[in-house]
Amino acid sequence: MQAVIVGGGIAGFAAAVALHRAGADPIVLERTAGFADDVGSWLQVASNGVAALRELGLGAAVSAIGVPTPRLQTFDPRGRLTADLPLGLQDAGATTRSLDRADLYRLLRTEVQRLGITIVTGARVLSAVDEGNRASVLTETSERFTADVVIGADGVGSAFRRTFGGHGPGPDAATSRDVLAPVVSIGGRYSGSGLTDAETGTTGTLQFRFGRECFVSTMRVDASTVTWFANPRLSTVAGGVGVAVGMSGPEWVAELPRLVGRDVLPLAALVAGSRTVDVWASRTTPRPVRWGRGRVVLIGDAAHAIPPTAGQGASLALEDAVVLGALVAGGAPAPTLAVRMQELRSRRVDAITRQGELLDRSKTLGVVGSALRDRLVLPGAALTARRRRVGPAAWMYRFDPST
Ligand SMILES: Cc1cc2nc3c(=O)[nH]c(=O)nc-3n(C[C@H](O)[C@H](O)[C@H](O)COP(=O)(O)OP(=O)(O)OC[C@H]3O[C@@H](n4cnc5c(N)ncnc54)[C@H](O)[C@@H]3O)c2cc1C
């Protein structure tokens with residue numbers, strides 16, 4: 001089976017590896033002129049994403065990058081610990097890892113090239129067409145690529161998913177949950193010796209600090225490096241949400257320290273000690289109600305933009321690739337792939353999306369909601385985790401490729 005993959009990101013490269021392993025013949029089209037080997041901040045590959053990488057033959061490779069992150073600590077606005085929890089599965093070889101997006105990208109890109117799969121850079125795809133017995137895409141430079149199946153892996157802003165439609169609810173039809181307030185994530189890498197473990201946690205512990213105007217997450221990489229991201233309460237930014245969602249990195253560098261107020265947040269130091277900051281996912285993405293049509297299949301963020309702070313975007317993209325590969329290996333005909341992917345994936349992805357939305361909402365609660373979160377919900381979750389010897393949402397961290 002020949003496959004054209006649109007988008008050389010995490011989902012696209014993982015799908016290329018999975019399809020190659022399944023005996024298919026993939027080619028990857030990427031819009032950027034070169035490789036994004038040094039772009040992006042850090043992200044998490046959760047236990048389920050690690051399992052997916054193992055299925056792709058990359059288990060050993062992923063264990064050599066990033067930092068194992070098996071614990072999560074949460075704090076209230078006054079800096080008091082509210083919960084100390086296991087993060088993800090605790091089994092050997094399944095530990096959640098925090099890593100540079102660029103490292104994961106490079107790992108997958110190297111594997112794609114090692115397998116001899118062609119990556120065409122500078123190929124921005126404008127549209128895809130299911131032609132019945134084949135499918136094709138058209139690029140900006142009027143090049144046409146034809147294959148048995150087209151995989152749309154062009155990320156959160158997928159232009160591609162708008163180009164195939166038809167009758168009934170289109171792939172961009174919004175669901176009621178799409179009216180959620182936008183969340184802006186600003187992240188960076190702090191270097192220095194000014195921040196103590198008490199302020200950012202020890203290596204391997206993810207910290208969530210719930211401030212009144214800003215949520216801050218940190219993960220210490222080593223004695224002098226801390227990766228972090230912040231989600232500000234956008235309505236408190238001068239000019240309101242409309243202005244805040246369009247703010248650049250340098251604008252956030254000026255704004256973030258102002259949001260600390262009376263809270264105990266290491267934000268000013270994190271910002272001051274970071275050479276650059278990245279800003280991403282500053283809008284709510286419409287969710288496709290279809291994972292494609294016929295021979296055109298969506299995967300990764302193009303199919304399901306997970307709230308970035310859920311820490312599952314990359315993991316679910318990797319899972320999608322493994323499931324797609326398993327379908328092809330099992331002999332599923334190309335025209336059935338979109339429907340089969342939706343059948344197999346949408347329930348799990350929706351449930352994880354809801355988890356992410358819940359977490360996002362918990363960052364901007366009012367006085368009563370924050371008190372409940374800090375005094376009841378999080379300490380309760382820690383208690384339950386201790387009793388049951390398993391962290392919260394354990395189901396989310398288990399990926400069984402055979403189901
Ligand atoms: C450069 C970059 C940096 C990122 N940094 C972070 C980060 O620091 N932290 C974090 O949590 N998440 C980050 N993300 C998002 C994260 O990688 C994804 O949420 C997750 O891995 C899902 O991957 P995906 O492949 O579906 O989407 P992405 O990783 O976004 O990949 C989509 C790919 O498709 C390409 N593309 C888009 N449109 C077209 C088109 N029309 N034709 C051809 N190619 C196209 C894009 O250039 C990109 O390479 C980043 C994404 C990118 C692209």
Side-chain angles (χ1 to χ4, degrees), residues 4-18 27-46 49 52-53 66 97-109 112 119-128 137-141 143 145 150-163 183-189 217 219 227-231 249 274 276-282 285 288 291 297-321 324 349 352-353 356:
V4 171
I5 298 172
V6 180
I10 305 304
F13 284 160
V17 175
I27 177 174
V28 182
L29 307 182
E30 166 57 40
R31 70 175 166 189
T32 55
F35 293 129
D37 279 0
D38 300 308
V39 193
S41 177
W42 61 294
L43 48 69
Q44 268 171 7
V45 175
L53 282 165
R97 299 190 81 82
S98 303
L99 38 85
D100 276 347
R101 194 254 184 199
D103 286 343
L104 176 63
Y105 171 90
R106 228 179 292 113
L107 184 157
L108 288 164
R109 200 243 322 134
V112 168
I119 304 170
V120 184
T121 53
R124 179 191 290 272
V125 171
L126 299 180
S127 61
V137 299
L138 187 66
T139 70
E140 203 169 38
T141 52
E143 259 190 289
F145 292 82
V150 171
I151 312 296
D154 57 340
V156 71
S158 178
F160 174 81
R161 75 178 162 229
R162 277 192 292 277
T163 69
V183 176
V184 175
S185 297
I186 303 112
R189 174 181 284 265
S217 174
M219 214 292 300
T227 52
W228 62 275
F229 73 85
N231 298 128
S274 302
T276 55
V277 298
D278 291 311
V279 182
W280 70 93
S282 55
T285 18
W291 285 51
V297 186
L298 294 175
I299 61 167
D301 281 1
H304 47 70
I306 305 295
T309 53
Q312 283 283 346
S315 298
L316 289 183
L318 293 165
E319 285 189 11
D320 287 350
L324 182 69
V349 167
I352 292 179
T353 304

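Remember, it's 1-based here, ligands and their atoms both numbered in the order they're listed.
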So which bit of [X] gets within less than 4.0 Å of ligand 1, heavy atoms only: side chain, backbone, both or neither?
X: Tyr105; answer: neither
X: Ser158; answer: neither
X: Arg31; answer: both
X: Leu29; answer: backbone

Can you find a heavy atom in the side chain of [X] that is under 4.5 Å from one in the side chain of [Y]?
X: Ile5; Y: Ile27; value: no
X: Val17; Y: Val112; value: yes
X: Leu316; Y: His304; value: yes

Q. Is a side-chain donor-acceptor pair under 3.5 Å present for Trp228 with Ser274?
A.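 There is such a pair (donor and acceptor under 3.5 Å, judged by atom type) between the side chains of Ser274 and Trp228.
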Q. Thinking salt bridges, do Arg106 and Asp100 make one under a 4.0 Å N-O criterion?
A.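 Salt bridge absent between Arg106 and Asp100.
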Nearest protein heavy atom to [atom], by residue and atom, and its distance?
atom: atom 40 (C) of ligand 1; result: Val125 N, 3.7 Å
atom: atom 25 (O) of ligand 1; result: Ala11 N, 2.7 Å
atom: atom 21 (O) of ligand 1; result: Ile10 CG1, 3.2 Å
atom: atom 48 (C) of ligand 1; result: Glu30 OE1, 3.5 Å
atom: atom 9 (N) of ligand 1; result: Trp42 O, 3.2 Å
atom: atom 39 (C) of ligand 1; result: Asp154 CB, 3.6 Å

Atom [atom1] of [X] and atom [atom2] of [Y]: how far apart are they, to the nearest 0.5 Å?
X: Leu126; Y: Glu143; atom1: CG; atom2: CD; result: 11.5 Å
X: Leu107; Y: Leu53; atom1: CG; atom2: CG; result: 7.0 Å
X: Tyr105; Y: Leu99; atom1: OH; atom2: CG; result: 15.5 Å

For ligand 1, find out whether one of its N or O atoms is nearer than 3.5 Å to an N or O atom of [X].
X: Ala36; answer: no
X: Thr32; answer: no
X: Leu43; answer: no

Q: State whether the side chain of Ser158 and the backbone N or O of Ala302 hold a donor-acceptor pair below 3.5 Å, judged by distance alone.
A: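 Flag not set: sc Ser158 to bb Ala302 has no pair under 3.5 Å.
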(Q) Looking at Asp320 and Gly300, would you say the former's side chain and the latter's main chain have a donor-acceptor pair under 3.5 Å? (A)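 Present.
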Give the numbers and elements of all ligand 1 atoms closer than 4.0 Å to a heavy atom of [X].
X: Val39; result: 1 (C)
X: Val6; result: 42 (N), 43 (C)
X: Gly155; result: 27 (O), 30 (O), 32 (C)
X: Ala123; result: 42 (N), 43 (C)
X: Arg124; result: 41 (N), 42 (N)
X: Gly8; result: 49 (O)
X: Ala153; result: 32 (C), 33 (C), 34 (O)
X: Gly300; result: 26 (O)

Q.
Consider side-chain contact (heavy atoms from CB on, under 4.5 Å). Of Thr227, Leu104, Asp103, which one does Trp42 pass it with?
A.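 Only one option passes, and that is Thr227.
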Q) Does ligand 1 have any atom that is closer than 4.0 Å to a heavy atom of Phe13? A)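 So Phe13 does not count as touching ligand 1.
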Q. Step by step, would you call Glu140 with Val125 a side chain to side chain contact (heavy atoms under 4.5 Å, CB included)?
A. CA-CA 6 Å; Glu140 203 169 38; Val125 171; over 6 Å; no
